[in-house]
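Residue numbers begin at 1 in each chain, while the letters A, B, ... track the order of the sequences.
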Amino acid sequence: MKYWLMKSEPDVYSWSKLVAEKRGKWDGVRNHTAKLNLKAMRVGDRAFFYHSNIGKEIVGTMTVVREAYPDTSAEKGEWFMVDVEPLEAAKTALPLAEIRAIPELKDMMLVNNSRLSVQPVTAAEWKAVCRRLGVAA
DNA sequence: GCCAACGTTGGC
DNA sequence: GCCAACGTTGGC
């Protein structure tokens with residue numbers, strides 16, 4: 001099983017929206033590196049939901065329920081989307097500023113390449129973040 | 001195929 | 001609202 005972090009601006013698509021829908025379509029990714037990460041996802045992989053711009057914090061965990069298929073929102077080009085389901089809401093959201101301050105998380109891509117919207121997370125990072133969120137790893 | 005100019009993302 | 005970092009576009 002692999003671990004990921006996926007970003008969304010909450011006024012576009014938020015954690016609460018995903019929870020309300022129970023199953024969400026992660027579309028709109030228009031970056032090739034992010035696309036490669038989407039295509040590498042397998043059913044059962046875990047992902048953090050990160051609110052960019054507003055909040056700037058990790059708010060919950062998700063699982064991948066459908067692997068990459070053509071993004072229906074793309075007008076041109078070959079883009080992909082996956083389906084996800086929420087697993088657990090963070091008891092305490094973990095803000096970017098705190099992530100930066102935690103030594104074992106300072107190498108997260110979120111810290112060093114904040115613009116990549118779909119990024120891999122190591123098993124160690126997954127565990128450390130889950131502990132801080134107060135959710136099962 | 002290089003690189004300058006421009007646009008976008010996203011933290012501050 | 002500003003600006004740095006990164007991607008993309010387009011002229012050569």
- [ ] Run the salt-bridge test on A:E67 and A:R42 with the 4.0 Å N-O cut-off and return the result as yes or no.
- [x] yes

Open item on the list: Could you tell me how far apart A:Q119 (CD) and C:dC6 (P) are, to the nearest whole angstrom?
Closed with: 13 Å

- [ ] Mind calculating the distance between CG (A:L110) and P (B:dG10) to the nearest angstrom?
- [x] 10 Å

TODO: Mind calculating the distance between CG (A:L116) and C1' (B:dT9) to the nearest angstrom?
DONE: 12 Å

- [ ] Could you tell me the separation between the CG atom of A:N53 and the C1' atom of B:dT8, rounded to a whole number of Å?
- [x] 11 Å

Open item on the list: Distance check needed: B:dG11 P versus A:M108 CE, whole Å only.
Closed with: 13 Å

TODO: Go through C:dC6, B:dG10, B:dG11 for me and flag the one nearest to the A:L96 side chain.
DONE: B:dG11

Open item on the list: Below the 4.0 Å mark, does B:dC12 have OP1 or OP2 next to a side-chain nitrogen or oxygen of A:K56?
Closed with: no

Open item on the list: Without decimals, in angstroms, what is the distance between A:N112 CG and B:dG11 C1'?
Closed with: 14 Å

Task: Rounded interatomic separation in angstrom, taking CG from A:N113 and P from B:dT8 - done: 19 Å

Task: From B:dC12, B:dG10, C:dT8, nucleotide with atom closest to A:R115 side chain - done: B:dG10

TODO: Would you mind listing the cluster partners of A:V111? Hydrophobic ones only (ILVMFWY), side-chain contacts under 4.5 Å, chaining allowed.
DONE: A:M1, A:Y3, A:L5, A:F48, A:Y50, A:I58, A:L94, A:L96, A:I99, A:I102, A:L105, A:M108, A:L110, A:V121, A:W126, A:V129, A:L133, A:V135

Task: A:Y50 side chain near B:dT9 phosphate (N/O to OP1/OP2, under 4.0 Å) - done: no

Task: A:W26 side chain to A:D83 side chain, donor-acceptor N/O pair below 3.5 angstrom - done: no

Task: Nucleotide B:dG11, atom C1' - distance to CZ of A:R100 in whole Å - done: 7 Å

Task: Nearest heavy atoms of A:R30 and A:S73, plus distance in Å - done: NH2-OG, 3.0 Å

TODO: Give A:R30 one of three labels, base, sugar-phosphate or nothing, depending on what nucleic acid heavy atoms sit under 4.0 Å from its own.
DONE: nothing

